[in-house]
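Side chains included, hydrogens not; waters and symmetry mates left out as well; all remaining heavy atoms used. In listed order, ligands and their atoms are each counted from 1. Just so you know, residue 1 is the first one in the sequence shown, and it goes up from there.
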Amino acid sequence: MWRDFVYVIVGGGVAAGYAALEFTKKGVSHGQLCIISDEAVAPYERPALSKGFLFPEAPARLPGFHTCVGANEEKLTPNWYTEHGIELILGTRVVSADTRLKTLLTATGDTITYKYLIIATGARALKLDEIGINGSNAENVCYLRDLADATKLVNMMRMCTGGTAIVIGGGYIGMECAASLVMNKIKVTMVFPGSYCMGRLFSPKIARYYEDFYKSKGVNFIKGTSLSSLVINLDGKVTGAKLQDGRYVHADMVVVGIGARPNTSLFEGQLTFENGGIQVNSQMQSSKTSVYAVGDIASFPVKLFGNTRRLEHVDAARKTAKHAVCAIMEPKTTSDFDYMPFFYSRVFSLSWQFYGDNVGEVVHFGDFSGTKFGAYWVNDNRLVGCFLEGGGNEDYVAIADAIRLKPVVLDLGELERKGVDFVLAV
Ligand code: FAD
Ligand code: NDP
C-alpha cells in the first residue's frame with residue numbers, strides 16, 4: 001500500500017508523543033500527521049520503566065504513563081490520536097528510508113511518503129553479545145529499554161524474590177535497576193569497570209554517598225572489573241558470572257545496563273552525522289531540509305556552552321521534539337533552540353537533579369552525612385554546572401536560572417560556604 005502524509009514521525013517514543021501534542025497545538029489538520037512505531041503501544045514516558053513500573057507495590061502501568069504526563073501536560077491515550085486525526089501505526093518497523101524520494105518502507109511492505117520527516121528513533125540497549133559475551137538471550141538476562149523489557153524484568157524479579165541478581169554496569173540503568181531489585185527483595189551485586197558509579201557525571205565524593213547508601217540497603221559493589229563470561233546451565237539459564245579479575249559471582253538473574261546506541265542506521269549515508277547521531281541545526285533540521293531529528297539521536301548545538309551535544313535524556317527529547325514542530329509549522333517566528341542540559345534520577349528515597357556541564361573544578365557543598373548536598377562545577381572562572389541531592393523546587397529553579405547566566409566565580413570557597421544560597425542570590 002502507498003500512503004501520503006504531510007508530516008511523518010518515525011519512532012513512537014517520548015519525542016514522538018511530545019511532537020504530536022505540539023503539532024495539535026499548532027493546528028495540524030486531520031489526516032496530515034502519521035507516527036510509525038515498532039512498539040505495540042502509543043508513546044509513553046520511558047523513564048517510568050526503571051522507576052514506578054518496577055515497584056513491588058502499586059506499580060505504574062499503562063495507560064497511566066502515556067506522554068505527556070511527565071511534563072504535567074495532557075495524557076495522550078490511543079483515543080487521543082484518533083480524536084485528533086493522527087494516524088498511529090504501531091507494531092510496525094520502518095526498514096528503509098529514502099530521503100531523496102521522501103519515502104519510508106515499512107516491514108509490512110507499505111510505502112509512506114512525507115513532505116516533512118521527524119526522525120525520533122531513540123536508542124537501543126547495548127547487548128552482551130555485542131561486547132563478545134555469550135548468553136544475551138538467556139531467559140534470566142534482562143535489559144531495559146522498552147515495555148517488553150520492563151515486563152520481562154518484572155516477571156523475572158517475581159520469580160527471583162529472595163534470590164540474587166548481578167547488575168552489570170554502574171550507570172543510570174544499573175543504579176535505578178539495582179534500587180528496584182532491592183525493593184523487590186533481591187540481593188544485588190553490581191559489577192562495573194570504573195572506580196565509582198555514574199563515572200561520567202558524579203564526582204568520586206558524590207558517588208561515595210550513593211554507594212554507601214546502596215551498601216546500607218545490602219548492595220555489594222565489585223568495581224574496577226567487568227564480566228568475562230556468563231555461566232549457563234543445561235536449561236539455558238544463567239547461574240552466575242565469571243569476572244575478568246577471576247572472581248565468580250552466583251546469580252539467579254542478571255540485569256545489563258552497559259550503555260545505549262542511537263538507532264540511526266536507516267539514515268547512514270543519507271544525512272550528516274556527528275557525536276554518533278544525526279547532526280541538526282538550531283531548528284532541529286538535518287543536512288536535508290525536509291528532515292528533522294530529535295531526542296536521543298539528535299546532535300544539536302548547545303548555545304550556552306558553544307558546542308554540539310547528543311543527550312540521551314528525557315527533557316532533551318521533549319524539548320527538541322517541540323522545537324522541531326515549531327520550526328516546521330512556524331519557520332519564520334521560531335528562534336534558535338537554546339537548551340540547558342538537565343538530567344535527574346530518583347532511587348529509593350533519594351532524588352537528584354543536575355543542570356549544565358560537569359567540567360572544570362568541582363566544589364562540594366552541604367551535608368554529605370545528611371540528606372541535602374551537592375556540587376558546583378566552575379570552568380574558566382564561570383559557574384557552569386550544579387548537582388543537587390534532596391533539593392526543593394525553589395532550589396532547582398534557582399540553579400537552572402543561575403547556570404543559564406554562568407556567573408563569574410572568583411572565590412571557590414564562597415560556593416562551598418554558601419551552597420544553594422549562592423544560586424538563590426544570583
Ligand atoms: P525513545 O523514547 O527511545 O523512542 C524511540 C522509539 O522509536 C521507540 O518506540 C522505538 O521502538 C522506535 N523505533 C526505533 N527504530 C524504529 C524503526 N526503524 N521503526 C519504527 N520505530 C522505531 N532520562 C531522564 O532524563 N530521566 C530519567 O529518569 C530517565 N529514565 C529512563 C529509564 C529508562 C528505562 C530508559 C531506557 C531511559 C530513561 N531515560 C531517562 C532516557 C529517556 O527515556 C530517553 O532519553 C528518551 O526516551 C528519548 O526519547 P526518544 O523519543 O528520542 O527515544
Ligand atoms: P550508561 O552509559 O549510563 O552507563 C553504562 C555503564 O556501563 C557505565 O557504568 C559503564 O562504565 C558501564 N560499562 C560499559 N561497558 C561495560 C562492560 N563491558 N561491562 C560492565 N560495565 C560496562 O548507560 P545505561 O545502560 O545505564 O543507560 C542506557 C540509556 O538509558 C542511556 O541513554 C541513559 O541516559 C538512559 N537512562 C537515563 C536515565 C536517567 O537519566 N535517569 C535512567 C535510565 C536510563 P563506564 O562509565 O566506566 O564506561
Side-chain angles (χ1 to χ4, degrees), residues 9-19 35-51 53-54 67 70 89-97 104 106-107 118-126 128 130-133 143-150 153 167-177 190-201 222-228 243-244 255-267 277 293-298 310-318 320-321 341-347 352-354:
I9 303 173
V10 54
V14 171
Y18 282 78
I35 298 175
I36 313 164
S37 178
D38 61 1
E39 286 196 76
V41 291
Y44 57 87
E45 301 284 358
R46 201 163 303 279
L49 298 182
S50 57
K51 302 173 190 68
F53 196 88
L54 304 181
T67 55
I89 304 178
L90 297 176
T92 304
R93 189 159 185 78
V94 171
V95 290
S96 71
L104 304 172
T106 69
I118 298 182
I119 308 170
T121 43
R124 62 182 177 80
L126 182 64
L128 286 178
E130 295 176 73
I131 60 162
I133 308 266
Y143 296 85
L144 188 51
R145 183 70 208 181
D146 59 22
L147 192 64
D149 295 337
L153 180 53
V167 172
I168 310 290
Y172 289 95
I173 291 286
M175 293 302 281
E176 294 186 4
C177 287
M190 290 189 73
V191 179
F192 50 84
S195 52
Y196 56 90
C197 68
M198 294 287 293
R200 267 171 268 162
L201 180 65
I222 301 183
K223 301 186 277 186
T225 189
S226 195
L227 193 59
S228 166
L243 307 185
Q244 281 169 0
V255 178
V256 184
I258 56 170
R261 294 291 176 269
N263 294 318
T264 51
S265 57
L266 288 173
F267 302 95
V294 297
D296 282 5
I297 49 105
R310 193 177 62 75
L311 300 173
E312 295 177 350
H313 293 280
V314 74
D315 183 64
R318 292 169 180 158
T320 53
F342 162 61
F343 324 133
Y344 71 90
S345 183
R346 289 190 297 272
V347 284
W352 60 257
Q353 297 191 11
F354 173 84

* For a salt bridge (charged side-chain N to carboxylate O under 4.0 Å, His left out) with Asp296, tell me which candidate from Arg318, Arg145, Arg46, Arg310 qualifies. =>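 In the set Arg318, Arg145, Arg46, Arg310, the residue that makes a salt bridge (charged side-chain N to carboxylate O under 4.0 Å, His left out) with Asp296 is Arg145.
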Judging by distance only, is a nitrogen or oxygen of [X] under 3.5 angstrom from one on ligand 1?
X      : answer
Leu49  : no
His313 : yes
Ala15  : yes
Val10  : no

Proximity flag [X] to ligand 1, non-hydrogen atoms under 4.0 Å:
X      : value
Phe343 : no
Thr92  : yes
Glu45  : no
Ser345 : no
Leu266 : yes
Thr106 : no

* With heavy atoms only and a cut-off of under 4.0 Å, state how His313 meets ligand 2: side chain, backbone, both or neither. => side chain
* To do: Quick one: look at Phe343 and ligand 2, take heavy-atom pairs under 4.0 Å, and tell me if it's side chain, backbone, both or neither.
  => neither
* If you measure from OH on Tyr143 to CG on Asp149, what distance do you get to the nearest 0.5 Å? ->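 Result: 9.5 Å between the selected atoms.
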* Asked: Is there side-chain contact between Val191 and Leu243, with at least one heavy-atom pair below 4.5 Å?
  ->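 Of all side-chain heavy-atom pairs linking Leu243 with Val191, at least one is under 4.5 Å.
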Using distance alone, decide if ligand 2 has a nitrogen or oxygen within less than 3.5 Å of any nitrogen or oxygen in [X].
X      : answer
Asp296 : no
Gly257 : yes
Gly170 : yes

* Asked: Atoms of ligand 1 less than 4.0 Å from Ala317 heavy atoms?
  -> 48 (C), 49 (O)
* Asked: Near Gly295, which atoms of ligand 1 are under 4.0 Å from a heavy atom of that residue?
  ->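 Close to Gly295: 52 (O).
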* Which of the ligand 2 atoms, numbered from 1, are nearer than 4.0 Å to a heavy atom of Ile173 -> 24 (P), 25 (O), 26 (O), 27 (O), 28 (C), 43 (C), 44 (C)
* Asked: Is it true that Gly259 lies under 4.0 Å from ligand 2, counting heavy atoms only?
  -> yes
* Hey, is Pro193 one of the residues with a heavy atom under 4.0 angstrom from ligand 2? -> yes
* Can you name the salt bridge (Lys or Arg N to Asp or Glu O under 4.0 Å) partners of Arg124, sequence neighbours left out? ->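 Here the qualifying residues are Glu130.
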* To do: Could I get the full list of salt bridge (Lys or Arg N to Asp or Glu O under 4.0 Å) partners for Asp315, not counting sequence neighbours?
  => Lys319
* To do: Check the pair Arg200, Tyr172 against side-chain contact (heavy atoms from CB on, under 4.5 Å), reporting the backbone distance first and the verdict last.
  => CA-CA 10 Å; Arg200 267 171 268 162; Tyr172 289 95; over 6 Å; no
